[in-house]
Amino acid sequence: MSRPDSARREQLATALAAVRERIAAAAARAGRGPEEVRLVAVTKTFPAVDAALLTDLGMLDLGENREQEAAGKADELRELRPEAPVRWHMVGRLQRNKARSVARWAAEIQSVDSVRLAQALDRAAANAREAGERTGPLDVLVQASIDGDPERGGCPLDGLAELSDEVAGSGELCLRGLMAVAPLGMDPAAAFGSLARAADRLRRDHPDATELSAGMTNDLEIAITHGSTCVRVGTALLGARGLASP
Ligand SMILES: *Cc1c(COP(=O)(O)O)cnc(C)c1O
């Protein structure tokens, strides 16, 4: 390993330990165990070598928000660490015309927010499986829009039942639960409280859909208080992203 690599590895190891401590402390305060909260490292805008170093540290759940960037990075990481059993999570807005590509590299799509996207992903996953590009089913979280603002992605809360039924009834998609981003300008505790109630309703109809993906660098503690089972962390692990980046 070259010297810059080992310095970066140290940096990532320190950051990872700190994030794991934040998760454990928040879980403990909520009377929950640290193993009840998955950590997805969001590697968007960072290079595949960073993803490789994270896998060396045992981080195998990696997230991306742009299909094209992710597809390339997944290929690069496969060359860098062919043995690492990485699970890529798509957490960003997804257009239907990217369904075929995302089905090649993603283990889980956390951002399914419309019936038409779910249908496109179902077909894409079937095609990818027939082409030998994937084996297992495609895990899906439906993304909720807590404030109902259609500009920012996510399905309005009153559309979640229909969307979840569509995913659960499809042949290739496996409904795992719910995801959301706290809306800007909304009190995160109120946002995650409303999300937790939506997750409860979802579990009533789909008892196996137990995942609740909520919480990022700035709000993961509040999300864990409100029942998050998966936090998606970029900045606190990898550092600040450039100004031009989302
Ligand atoms: C970028 C991103 C994250 C990570 O955000 P940080 O604040 O850097 O931790 C989480 N979820 C989604 C959907 C993202 O796009």
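Because the structure is a prediction, the values reported are computed rather than measured. Order of listing sets the numbers, starting from 1, for every ligand and every atom in it.
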Original post:
So His226 and Phe192, would you call those rings parallel, tilted or perpendicular, with 30° and 60° as cut-offs?
Top reply: tilted
**OP:** Could you verify whether a donor N or O on one side chain and an acceptor N or O on the other, from Gln119 and Arg116, lie under 3.5 Å apart?
**Re:** no
**OP:** Return yes or no for this condition: an N or O of Gly234 is under 3.5 Å from an N or O of ligand 1.
**Re:** yes
**OP:** Please could you name the atoms of ligand 1 that Arg232 approaches to less than 4.0 Å, counting only its heavy atoms?
**Re:** 4 (C), 9 (O), 10 (C), 11 (N), 12 (C), 13 (C)
**OP:** Heavy-atom contacts with Val91 under 4.0 Å: which atoms of ligand 1 show up? List them by number with element.
**Re:** 12 (C), 13 (C)
**OP:** Identify which of Lys44, Arg66, Arg241, Glu64 has a heavy atom lying nearest to atom 1 (C) of ligand 1.
**Re:** Lys44
Check residues 197-204 and write down every donor-acceptor pair under 3.5 Å in which the side-chain atom is one partner and the other belongs to a residue at least two apart or another chain.
{"unit_1": "Arg197", "atom_1": "NH1", "unit_2": "Gly193", "atom_2": "O", "d": "3.4"}
{"unit_1": "Arg203", "atom_1": "NH2", "unit_2": "Thr210", "atom_2": "O", "d": "3.1"}

**OP:** Go through ligand 1 atom by atom and flag the ones less than 4.0 Å from a non-hydrogen atom of Thr235.
**Re:** 6 (P), 7 (O), 8 (O), 9 (O)
**OP:** Just jot down the ligand 1 atoms closer than 4.0 angstrom to any heavy atom of Val233, in number order.
**Re:** 9 (O)
Original post:
Using heavy atoms and a threshold below 4.0 Å, how should the contact between Gln110 and ligand 1 be classified: side chain, backbone, both, or neither?
Top reply: neither
Original post:
For the atom pair CG (Leu54) and CG (Leu12), what is the distance rounded to the nearest 0.5 Å?
Top reply: 5.0 Å
Original post:
Considering only heavy atoms from C-beta outward, does the side chain of Leu60 approach that of Arg87 to under 4.5 Å?
Top reply: no
Distance-only check: which donor-acceptor pairs under 3.5 Å involve side-chain atoms of residues 25-34, not counting sequence neighbours?
{"unit_1": "Arg32", "atom_1": "NE", "unit_2": "Glu36", "atom_2": "OE1", "d": "3.3"}
{"unit_1": "Arg32", "atom_1": "NH1", "unit_2": "Ile224", "atom_2": "O", "d": "3.0"}
{"unit_1": "Arg32", "atom_1": "NH1", "unit_2": "Ser228", "atom_2": "O", "d": "2.9"}
{"unit_1": "Arg32", "atom_1": "NH2", "unit_2": "Ser228", "atom_2": "O", "d": "2.9"}

